[in-house]
Amino acid sequence: MPYLLIVLTAAASLAGLAARPVTEVPGDSADYVVVAGAAGLRWDDLDPRRTPTLWQQATRGSIGWLSVRSAHHATCPADGWLTLGAGNYAVWNAQRVSGACPPRAPVVERPDGIGANLPELGQVVRANADNQPYGAVPGALAESVRCTVAVGPGAAVAAARPFGRVDRYVPELPADPQGLFTQCVLSMVDLGTITGTGAARQNRVAQADAVLARVLAARPQRSLVVVAGVSDTDTTSRLHVAIAEGPGWQGGWLTSAGTGRDGYLKLVDLAPTILTVLGRPAPEGLFNGRTASTVPGRPASPADSVLGVHDVNRRAGAQLGIAGSFFTGLAAVQLAVFLLVVPLMMRARRHAGPTGPASAPRALVLLVEVLLIACALAIPAALLADAIPWWRSGRPGIVFALLTLALMAAGTAAIRLTPRYPRTLWPAGAVAAVAVVIVGADLLTGARLQLNGVAGYSAIEGSRYAGVGSVGLGVLVAGALVVAGCAAQWVRRPWRPVVVVLAGGFAVIMVGSPYLGADPVGAVAVTAGVCVAAAISTGGWLTFPRFAWATVAGLAVTIGFAVLDLRRPVLEQGSVGRFVTAILDGAAGPAIQRSAAASGLAMDSPLTILALVGAMALAFAQFSPWGGLNRVFGLHPAMRAALAGTTVTVVLAGMFGGAAFTVAGAAAAIAVPLYVLTTLRVLEHAADRTRPEGETDGPGGPGLSMRRDAGPPPDKTGTEGLIVR
């Protein structure tokens, strides 16, 4: 029966990973596409009186929040326009930007008065091919259509072919642009750059609105007009305007398979969307984005969709400003608590004899236990705090800190006051269960807490918009396996692998299902970790037969999912299927390079500090003379299995998911305090034994009670004064 349940759980996990939502059908086709871009244009720039044209377009068309991520750490106007024309993450100039973006525009030459030439583009194409891991080819969009029209220098960058030629070019929109946009099926218009604040910014937005009004007056029949804020204008990243208005694009939210979230779009999604609308095939292997579509469900007015209390950019910006401080502070607090635990560990394992150190005061031990529980609840509390709109307050950082501390205190008090608290494994299992419930409930309700949350991910960064993030993955995996380890200790030894596999199967489905976590790479890592944990949950070492069976089981689920994923069309494949396809095509090198580059950037995360602090705490608890982690593993082998499985999972997820130590840091933030707490509790009972008659506990442990008024016990030979110890 145990083996049958394990097989059924593995099959259910595979079925849960294989199910994928139906791909949305994009809007109707069009004969022409006109892209009107304005660098820096945000939703809070729109007003029904000051910008009537933009407001009317947003009311009639499909709208969304546009992430303008490029291959540069700050997407300046030239980078944004270049990324739009490449359909992939590209960079015009790799030099570091500090403050505002450089005002210099790309050089545009007009040798014949019809088109234009960008003399710098050839060098830019080579630099992207040699130095960037994304495989971007600037000009790939223009090469996919017969000809393009560009109005303005920014539009020329997006409309140029890889060798720098722009088919039709005018430096600014003519007074009478009738017929201009019928010369080619694709036209690009630079509405200007929106910078500054206050009245100066409003004037620039009004000028862009007036240019857009003339563009709409000259638009051809059956045309799609796309309005986009194509870039930032300084080092502060933001979400920008995305509007698509035309046949089949009236009302609704913009979305794509690349974001998986209604109302969110990436800049790289515009190029494949344009070609799909025009009925043209996308260049094979060059685009990184996915075709956008429109889904119903948004309020009719932009004021009720993207402004005021619905301003997602405000929440995302607040999240970026607080997340680093939160995790850095958490690492510092956990380090301080672990240092406080060290002397308690040294005194908890009492020495035999009356001269050993006395046990620490019980009140101090209870205080440290409460602090460890609170530390483990920090990330789940931060995730739950995002259910309250703290970002709308005037002091969002202070409000978020107070909410998180209040939730930590409430959770710690609830666990401390439960009747089962004195049991050794109960606090660890309870805290881990709370973490799993919070993350699991968030995934079941659409991951609304993780999106733009301090303990989640930001749409501004442009890496994830839906499903489980790196922090959520670490918390879910660590929590699920710790719960499995605690629960497995309550059942007979043959049934322990079943408990681990059941909990692990739940985690695999939650992480890998496209309806929930939408992280196939994470699901593969969780599968490997669960297999290792199940193999050693009954005790003993990870022998070669156990390792072989765990490897076979993990490969069976992973290969099965990859095979099912490969049977889908390329645009519908998940990350595992795309990676296998790249291997079969001999193009896996750039994918590995991208993952390595992402891991390098993730090394700067404060979660790396959390991972290192946790690793040092576990090393001390296991290898120091006073550490008791080995005693924990001997008494509770399923807990050792849970730690081994968590370690395997976070290492693989960080390696293949480009997350470095981010997942490991999140897992360590919840798992390490729980293991230290369990170690401290086990050490406190290390010297417990049934006392023979005449013995009592001395200051340092069990010892012989010597009373001055009592003589030595006589022996059978009548010898007096002999003391037997």
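Heavy atoms only: backbone and side chains are in, while hydrogens, waters and symmetry mates are out.
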Residues at least two apart in sequence or cross-chain that pass side-chain contact (heavy atoms from CB on, under 4.5 Å) with D304, listed by chain then number, are P299, S301
Checking [Y] against [X]: is there a side-chain donor and acceptor pair closer than 3.5 Å?
{"X": "R219", "Y": "S223", "value": "yes"}
{"X": "D232", "Y": "H240", "value": "yes"}
{"X": "S70", "Y": "T83", "value": "no"}
{"X": "S231", "Y": "T75", "value": "no"}
{"X": "T294", "Y": "S62", "value": "yes"}

Check for a donor-acceptor pair, side chain of [X] on one end and backbone N or O of [Y] on the other, with a separation under 3.5 Å.
{"X": "R60", "Y": "G246", "result": "no"}
{"X": "D442", "Y": "R448", "result": "yes"}
{"X": "R314", "Y": "R392", "result": "yes"}
{"X": "R238", "Y": "T236", "result": "yes"}
{"X": "D79", "Y": "A90", "result": "no"}
{"X": "Q178", "Y": "A217", "result": "yes"}
{"X": "D519", "Y": "V468", "result": "no"}
{"X": "N128", "Y": "V124", "result": "yes"}
{"X": "R261", "Y": "Y465", "result": "yes"}

Residues 451-463 side chain polar contacts: donor-acceptor under 3.5 Å, at least two apart:
unit_1: N452; atom_1: OD1; unit_2: A459; atom_2: N; d: 2.9
unit_1: N452; atom_1: ND2; unit_2: Y264; atom_2: OH; d: 3.4
unit_1: Y457; atom_1: OH; unit_2: G467; atom_2: N; d: 3.3
unit_1: Y457; atom_1: OH; unit_2: G467; atom_2: O; d: 2.6
unit_1: S458; atom_1: OG; unit_2: I460; atom_2: N; d: 3.2

Can you spot which of L224, L84, D190, V225 makes a side chain to side chain contact (heavy atoms under 4.5 Å, CB included) with V35?
L84
Per-pair distances, 0.1 Å, donor-acceptor, side chain in residues 135-157, under 3.5 Å, sequence neighbours excluded:
unit_1: E143; atom_1: OE2; unit_2: R161; atom_2: NH1; d: 2.9
unit_1: S144; atom_1: OG; unit_2: A140; atom_2: O; d: 2.9
unit_1: T148; atom_1: OG1; unit_2: A159; atom_2: O; d: 3.0

Report yes or no: is the cationic atom of R222 (NZ for Lys, CZ for Arg) closer than 6.0 Å to the six-membered ring centre of Y32, at no more than 45° off its axis?
no
